[in-house]
Amino acid sequence: YPFVEIHWLDIEGDAGWSDTKALLKSNLPTCVSKGYLVSQKGGVTRIFTDYIKSKTDETFENIGNTTIIPTSVIQSIKVIH
C-alpha cells in the first residue's frame with residue numbers, strides 16, 4: 001500500500017452567538033492525514049497507519065488506526081513512498 005499524505009476539508013461549527021458577517025468570512029479547516037492508502041471506492045478513501053509485523057515478514061492482515069474520509073472533501077493526495 002502506498003504511504004500518502006492527504007489534505008482534506010473538515011466541518012466546523014460554533015454554538016455561540018455571532019453575526020452573519022463573521023459567518024460569511026469563516027473558512028473550513030484543512031486537516032492533514034498520513035497513512036497507507038487501502039482504497040478509493042464508492043466515494044470513500046480508506047487509510048491506516050499501523051500494522052502487525054510478523055517474525056518472518058510484514059503482513060497487512062492486522063491493521064490499526066484507520067481513517068475513512070469522504071473523497072469529495074479531499075483537496076490533495078501526495079504519495080510519500
Side-chain angles (χ1 to χ4, degrees):
Y1 301 101
F3 194 79
V4 297
E5 178 178 290
I6 301 174
H7 291 233
W8 55 281
L9 296 176
D10 198 7
I11 296 169
E12 185 170 75
D14 185 350
W17 290 102
S18 186
D19 58 50
T20 53
K21 289 179 184 178
L23 179 59
L24 290 170
K25 292 179 182 178
S26 297
N27 293 311
L28 293 171
T30 300
C31 301
V32 179
S33 297
K34 294 180 182 180
Y36 296 94
L37 179 63
V38 175
S39 69
Q40 286 190 288
K41 296 179 185 175
V44 178
T45 299
R46 293 172 172 87
I47 62 173
F48 68 91
T49 61
D50 304 315
Y51 62 93
I52 293 176
K53 183 176 178 179
S54 72
K55 292 181 180 181
T56 57
D57 59 286
E58 295 179 358
T59 68
F60 293 99
E61 293 178 18
N62 297 294
I63 59 172
N65 199 19
T66 61
T67 303
I68 299 173
I69 304 168
T71 303
S72 62
V73 300
I74 292 176
Q75 300 297 294
S76 67
I77 298 179
K78 178 175 127 182
V79 176
I80 297 173
H81 60 78

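For the pair Thr45 and Leu37, the minimum side-chain heavy-atom distance is below 4.5 Å. Inter-residue side-chain proximity for Ile63 and Asp50 is flagged as unmet; no heavy-atom pair is nearer than 4.5 Å. At least one side-chain heavy atom of Trp8 sits under 4.5 Å from a side-chain heavy atom of Ser33. Annotation: side chain of Leu9 is in contact with side chain of Thr30 (closest heavy-atom distance under 4.5 Å). A heavy-atom distance below 4.5 Å is not found between the side chains of Ile6 and Lys78. When side chains are defined from C-beta on, Lys34 does not count as touching Val4, because their heavy atoms never get closer than 4.5 Å.
With rounding to the nearest 0.5 angstrom, the CD1 atom of Ile77 is 11.0 Å from the CD atom of Glu5. One finds the CD atom of Glu12 at 7.0 Å from the OG atom of Ser26 (value rounded to the nearest 0.5 Å). Here the CD1-OG1 distance, from Ile69 to Thr71, works out to 8.5 Å after rounding to the nearest 0.5 Å. Atom CD1 of residue Ile74 and atom SG of residue Cys31 lie 11.5 Å apart, to the nearest 0.5 angstrom.
Contact detail for Val79 and Pro2: the closest heavy-atom pair is CG1-CB, 4.3 Å.
Note on Val32 and Ile47: separate hydrophobic clusters, where clusters join Ile, Leu, Val, Met, Phe, Trp and Tyr whose side-chain heavy atoms are under 4.5 Å apart, directly or indirectly.
Residue Phe3 is tested with Phe48, Tyr51, Tyr36 for a ring-ring contact (aromatic ring centres under 6.0 Å, His included); the sole match is Tyr36.
Open room surrounds CD1 on Ile11; 12 or fewer heavy atoms of other groups in view lie less than 6.0 Å from it.
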